[in-house]
2 protein chains.
Amino acid sequence: MNDFTSSVADAKIPDATVRRFSLYLRYLEDFERSGISSVASGVLAERGGTTAAQVRKDLSFLGSFGKRGLGYSVKELTGVLRDVLGLDSVWRVALLGAGRIGTALFRYEPFRARGFHITTVIDNDPGKVGTRLGDVMIRGEHELECALREDRTDLVIVAVPAPVAQALVDRVVAAGVRAVLNYAPAQLRLPDDVALRNVSMTVELESLSHALTRLRRCR
Amino acid sequence: MNDFTSSVADAKIPDATVRRFSLYLRYLEDFERSGISSVASGVLAERGGTTAAQVRKDLSFLGSFGKRGLGYSVKELTGVLRDVLGLDSVWRVALLGAGRIGTALFRYEPFRARGFHITTVIDNDPGKVGTRLGDVMIRGEHELECALREDRTDLVIVAVPAPVAQALVDRVVAAGVRAVLNYAPAQLRLPDDVALRNVSMTVELESLSHALTRLRRCR
DNA sequence: CACTGCTTGTGAAATCGTTCACAAGTGGAA
DNA sequence: TTCCACTTGTGAACGATTTCACAAGCAGTG
């Protein structure tokens with residue numbers, strides 16, 4: 001762990017920790033903008049809704065470069081987190097589905113700001129194919145493989161209806177893409193060496209609804 | 001646990017389990033449509049990407065009403081899950097922010113189908129106030145409390161820029177709302193008796209980016 | 001230097017969630 | 001009835017994550 005050769009840890013980092021890294025980074029960027037140069041675990045914890053011990057444990061996966069008595073250098077920590085999250089590369093993203101969700105995702109600026117460039121948009125509606133979404137031409141489903149290769153796509157965002165999703169993703173994987181962000185309400189099956197994250201619009205809402213119901217019943 | 005008085009468990013159910021309930025319910029509704037009347041844990045597991053033991057353990061939080069040798073009644077299980085997830089009530093939802101994300105969420109049909117009715121839309125852009133989003137009139141920020149009360153809002157979806165979010169949510173909580181679904185990239189502070197779920201568009205993407213980086217470095 | 005106040009890094013303990021393994025229940029067939 | 005194939009429900013083992021507790025390190029002061 002006390003690896004001084006490079007900034008990035010090689011060991012497996014728990015998923016929960018990686019997700020918190022995203023949050024920490026957000027706060028650190030705020031701090032950087034405010035001109036704060038150093039930050040203690042307790043401060044980050046308060047901002048992120050966890051505990052100081054949690055923050056320190058998380059950061060310890062990256063090596064130990066905090067200064068005892070002082071905290072962490074905002075600048076250094078920002079750099080390390082960007083590095084470990086892979087935010088220094090530009091990732092080439094293909095968006096499958098230019099419906100409501102797809103369009104909203106396409107227009108969501110923070111993606112681009114973080115280095116995720118949507119260079120391909122695919123939709124199977126003939127009325128949409130050939131039109132533009134922002135600066136990207138919408139291409140038909142049959143051009144999928146071709147488009148992925150041409151644009152050297154790293155990552156695919158799935159925003160098509162559930163029934164179509166699996167078939168499309170199979171083709172995407174066959175074309176060599178190794179990361180999928182799935183917004184379709186379907187459980188996708190993929191090989192182990194492909195990274196998958198599911199985002200379900202309804203799951204969070206329903207978990208809230210469950211919490212509300214419990215609150216109601218208690219009083 | 002072996003509570004035969006009613007269908008709903010009173011004990012605290014792990015959050016991870018509740019989220020899986022949403023998924024199980026989705027699959028069960030598929031099965032129901034296909035006319036399948038009974039389902040074994042293994043089948044649900046395969047569909048949902050977990051294990052049979054996990055499914056049974058999850059469902060055991062709701063009591064035990066599977067039939068050994070047969071599995072679970074699709075109809076009964078659907079009912080129990082809908083009940084525990086609170087999907088039999090209609091929830092009155094207010095949407096804060098009618099920007100890109102807000103609009104996409106408003107138009108997302110599965111919400112309505114699940115009993116989440118967006119009855120209030122608030123935005124502080126004077127150009128939007130007074131116009132309609134679907135069948136709902138967009139109201140100004142100053143009308144917030146008034147609107148929440150009039151519409152007897154149960155739940156609020158926050159889709160405003162991060163800097164505004166906390167102040168708005170404070171008012172929402174003061175007005176008596178007990179559940180918040182937050183799409184703003186900000187960590188909200190709320191009292192303990194208010195349920196909060198954060199959805200971050202970038203966190204999942206960044207966790208994928210991390211995974212991709214790791215994959216890259218390994219070969 | 002010694003002392004003080006503050007903060008990290010980290011083993012160890014505690015907590016939480018998942019998987020295992022198997023007794024017990026079910027329906028159907030003989 | 002007995003046997004068989006199947007499946008649930010659940011204690012116990014396991015594994016992962018979070019929290020605790022504290023030694024060790026740093027900067028500033030006298």
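Chain identifiers are assigned alphabetically (A, B, ...) following the order of the sequence lines, protein sequences preceding nucleic acid strands; residue numbering begins at 1 within each chain. When reading the values below, keep in mind they use all heavy atoms of this one structure, side chains included, and skip hydrogens, waters and symmetry mates.
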- Between D/dA16 atom C1' and B/Asp15 atom CG, what is the distance in whole Å? 17 Å
- In whole angstroms, the gap separating P of C/dT18 from CZ of B/Arg19 amounts to 10 Å
- Note on the structure: Nearest heavy-atom contact between A/Ile36 and A/Val74 is O-CG2, 3.4 Å
- Say whether A/Arg114 and B/Thr202, considering side chains only, have a donor N or O and an acceptor N or O under 3.5 Å apart. no
- Message: Once salt bridge (charged side-chain N to carboxylate O under 4.0 Å, His left out) is applied, do any residues pair with B/Asp170, and if so which ones, sequence neighbours excluded?
- Response: none
- Query: Whole-Å distance between C/dC16 P and B/Ile13 CD1?
  - Reply: 16 Å
- Does the side chain of A/Arg197 pick up a donor-acceptor pair with the side chain of B/Ser207 at under 3.5 Å? yes
- Message: Between P on D/dA16 and CZ on A/Arg20, what's the gap in Å once rounded to a whole number?
- Response: 16 Å
- Quick one: B/Leu59 CG to D/dG9 P, roughly how many Å, whole number? 8 Å
- Which part of the nucleic acid does A/Ser41 contact within heavy-atom distance under 4.0 Å: base, sugar-phosphate only, or nothing? sugar-phosphate
- According to a strict under-4.0 Å criterion, is A/Tyr72 in side-chain N/O contact with OP1 or OP2 of D/dC26? no
- Query: Any side-chain heavy atom of B/Ile122 sitting closer than 4.5 Å to one from B/Val160?
  - Reply: no
Dump the pairs, protein N or O against N or O of nucleotides 19-22 of chain D, anything under 3.5 Å, distances to one decimal.
unit_1, atom_1, unit_2, atom_2, d
D/dT19, OP2, A/Gln54, OE1, 3.4
D/dA21, N6, A/Arg56, NH2, 3.4

- Query: With sequence neighbours excluded, what pairs up with A/Arg56 under the salt bridge (charged side-chain N to carboxylate O under 4.0 Å, His left out) test?
  - Reply: none
- Note on the structure: Nearest-nucleotide check on DNA chain D, A/Asp58 vs B/Gly66; residue mapping nearer the 5' end is B/Gly66
Under 3.5 Å between N/O atoms: give me all the protein pairs with nucleotides 28-30 of chain D, atom names plus distance.
none

- Message: Generate the contact string for nucleotides 25-30 of chain C. Rules: B means base contact, S means sugar-phosphate contact only, - means no protein heavy atom under 4.0 Å.
- Response: BSS---
- Query: Does B/Arg92 offer a backbone N or O that forms a donor-acceptor pair with the side chain of B/Thr153 under 3.5 Å?
  - Reply: no
- Message: Looking at B/Gly86, is its backbone amide N or carbonyl O close enough to the side chain of A/Ser209 to form a donor-acceptor pair, meaning the two atoms are under 3.5 Å apart?
- Response: yes
- Item | Pair A/Ser200-B/Arg26, side-chain donor/acceptor within less than 3.5 Å | yes
- Measure from CG on A/Leu44 to P on C/dG9 and round the result to the nearest Å. 12 Å
- Atom CZ of B/Phe61 to atom P of D/dT10: distance rounded to whole Å? 11 Å
- Query: Residues in ring-ring contact (aromatic ring centres under 6.0 Å, His included) with A/Phe31, at least two apart?
  - Reply: none
- Message: I'd like to check B/Arg19 versus A/Glu206 (side-chain heavy atoms, cut-off strictly below 4.5 Å). Are they in contact?
- Response: no
